[in-house]
Amino acid sequence: GEPAPSNDMAQFQRVLHKSKNIIAVCGAGLSAASGIPTFRGAGGMWRKYDAMSLATPEAFKDNPSLVWQFYHTRREAARKPEPNAAHKALAKFCIPSVRNIVAPNSEFAIITQNVDGLSAKAMDMVWKEHTKDHSDEKVEDVSPLLEMHGRLFDVKCTSNFCGHVEYDTSSPICPALAGTEKAIEAGAMDIVIPESKLPRCKKCNALARPGVVWFGETPVGMDRNDKLVGAADLCLVIGTSSTVMPAALYAEIVQEHGGQVAVFNLERSQGDEYAEFLFLGPCEKTLPEALG
Ligand code: BJW
Ligand code: ZN
């Protein structure tokens, strides 16, 4: 059969050194050390809440009040967390002059399924720190970060004619949702807020919705994702159960055209037996070592 994946860090770093198009496909485990719950593991969101009645367009149509209370709760919980060592290691790797030390003349992109904004925050922090001593480092034209499942703090108009998206971190997002996180956390799903009191579009006043990608919806930036995945010769799979499409397919696609895969996960995850490298453990420990 297949040889077992290697956990040889020095060998991984030799592969990294000759890779030219590197991508990181990230999931909830990347933010776990920042205190944000995952979806499917112990303490996971989809263990406590029913995904199909909260994270689908049909659920929002049936019960926008409940869906907004759930996302209000998620927004409140995502306010305090700070990026951890894994976000920062990836963020540093986005800086060409830093990355070129371990992977000369390479390109890099982060494709994250996370909606918490912590990778963007880490990139800002690391960039500010870096340019203190390297003011000549120039900003890249295209952001190396792709948030394919949207952003928790984006608020999107539901009208097809308008489609306005607003980045809004206000707490609460609207007065009627204030305090409802207590009920949601206690499992009480029966508070009803009239649609007129839910978040509304700032442009056209139609009902607004959370700017995240639900089951059955097309992820953000698929054309760019497909190009990155198609060109990648090394795919880092970080803190994801690899059970949600299409992100779950990316590693396999990279291997199909001859690229290699390195999985960084606390536990075994779907398809990791086919990876060239498997680093079991918290990614906030393994990733800084691997990319350092
Ligand atoms: C650590 C760690 C540490 C912990 N260090 N590791 C049948 C019915 C209906 C739909 C489908 C179907 N079959 C297929 C579909 C499609 C569907 C799908 O895949 N469903 C499957 C579940 C069956 N997918 C979609 O609908 C997607 N759209 C789509 O496919 O469109 C078609 C299309 C494709 C291509 C081109 C064009 C069109 C959309 C999926 C949207 C997913 N949305 C959510 C919610 C977002 C909003 C919100 O946050 O509420 O996204 S669901 C949830 O899962 C969230 C996540 O991004 C996503 C992935 O989860 P993730 O990140 O892997 O988390 P976990 O919890 O599963 O895993 C965490 C891992 O971390 C674990 O392995 C831990 O061990 C590890 N870990 N601590 C390292 N410290
Ligand atoms: Zn609008």
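When a residue number appears, it is its place in the shown sequence, counting from 1. Start at 1 and go down the list; that is how both ligands and their atoms are numbered.
At least one N or O atom of Thr240, backbone or side chain, sits closer than 3.5 Å to an N or O atom of ligand 1. Of the N or O atoms in Val213, one or more lie within a sub-3.5 Å distance of an N or O in ligand 1. Close N/O approach between Gln113 and ligand 1 is found [any backbone or side-chain N/O within under 3.5 Å]. Considering backbone and side-chain N/O of Phe39, one or more are found under 3.5 Å from N/O of ligand 1. For a threshold of 3.5 Å applied to N or O pairs, the pair formed by Met222 and ligand 1 contains no separation below that value. An N or O contact shorter than 3.5 Å is missing between Cys26 and ligand 1 by distance. Checking only distances, Glu284 does come within under 3.5 Å of ligand 1, N or O to N or O. The distance criterion of under 3.5 Å between nitrogen or oxygen atoms is not met by Gly27 with respect to ligand 1. Between Gly216 and ligand 1, a contact under 3.5 Å exists for at least one N or O pair. In terms of polar-atom proximity, defined here as any N/O pair under 3.5 Å, Trp214 makes no such contact with ligand 1.
Under the 4.0 Å distance rule, the nearest protein heavy atom to atom 76 (C) of ligand 1 falls inside the cut-off. The presence of a protein heavy atom under 4.0 Å from atom 8 (C) of ligand 1 is ruled out.
Counting only heavy atoms of the protein, atom 3 (C) of ligand 1 lies nearest to Gly29 O, 3.4 Å. Among all non-hydrogen protein atoms, the one lying nearest atom 32 (C) of ligand 1 is Glu217 O, 4.5 Å. Protein heavy atom nearest atom 21 (C) of ligand 1, with residue, atom name and distance: Thr243 O, 3.7 Å. Of all protein heavy atoms, the one closest to atom 19 (O) of ligand 1 is Met245 N, 2.7 Å.
Taking the six-membered ring for Trp and thresholds of 30 and 60 degrees, His134 and His130 have nearly parallel ring planes, at less than 30 degrees apart. By the 30° and 60° cut-offs, the orientation of the rings of Trp46 relative to Phe215 is tilted. The aromatic rings of Trp214 and Tyr71 sit tilted relative to each other, their planes meeting at an angle between 30° and 60°.
Nearest residue to atom 34 (C) of ligand 1 from Ser241, Ala248, Gly211, Pro246 is Pro246 (criterion: closest heavy atom). Looking at Leu287, Asp226, Leu266, Asn265 and measuring to atom 73 (O) of ligand 1, the nearest heavy atom belongs to Asn265. For atom 48 (C) of ligand 1, the choice among Arg74, Met52, Arg47, His149 with the nearest heavy atom turns out to be Arg74.
When distances to the Zn ion (ligand 2) are checked against a cut-off of 2.8 Å, Cys204 contributes an N, O or S atom below that limit.
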Worked check of side chain to side chain contact (heavy atoms under 4.5 Å, CB included) between Lys20 and Glu107
CA-CA 6 Å; Lys20 297 294 170 219; Glu107 302 283 337; over 6 Å; no

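Contact annotation for Thr38 and ligand 1: heavy atoms of both the backbone and the side chain come within less than 4.0 Å of the ligand. When heavy-atom distances to ligand 1 are checked against a 4.0 Å cut-off, Ala32 comes that close only through its side chain, counted from C-beta outward.
Heavy-atom proximity to Tyr71, at under 4.0 Å, picks out these atoms of ligand 1: 47 (C), 48 (C), 50 (O).
With His257 contributing its side chain and Ala232 its backbone, the two residues share a donor-acceptor pair below 3.5 Å.
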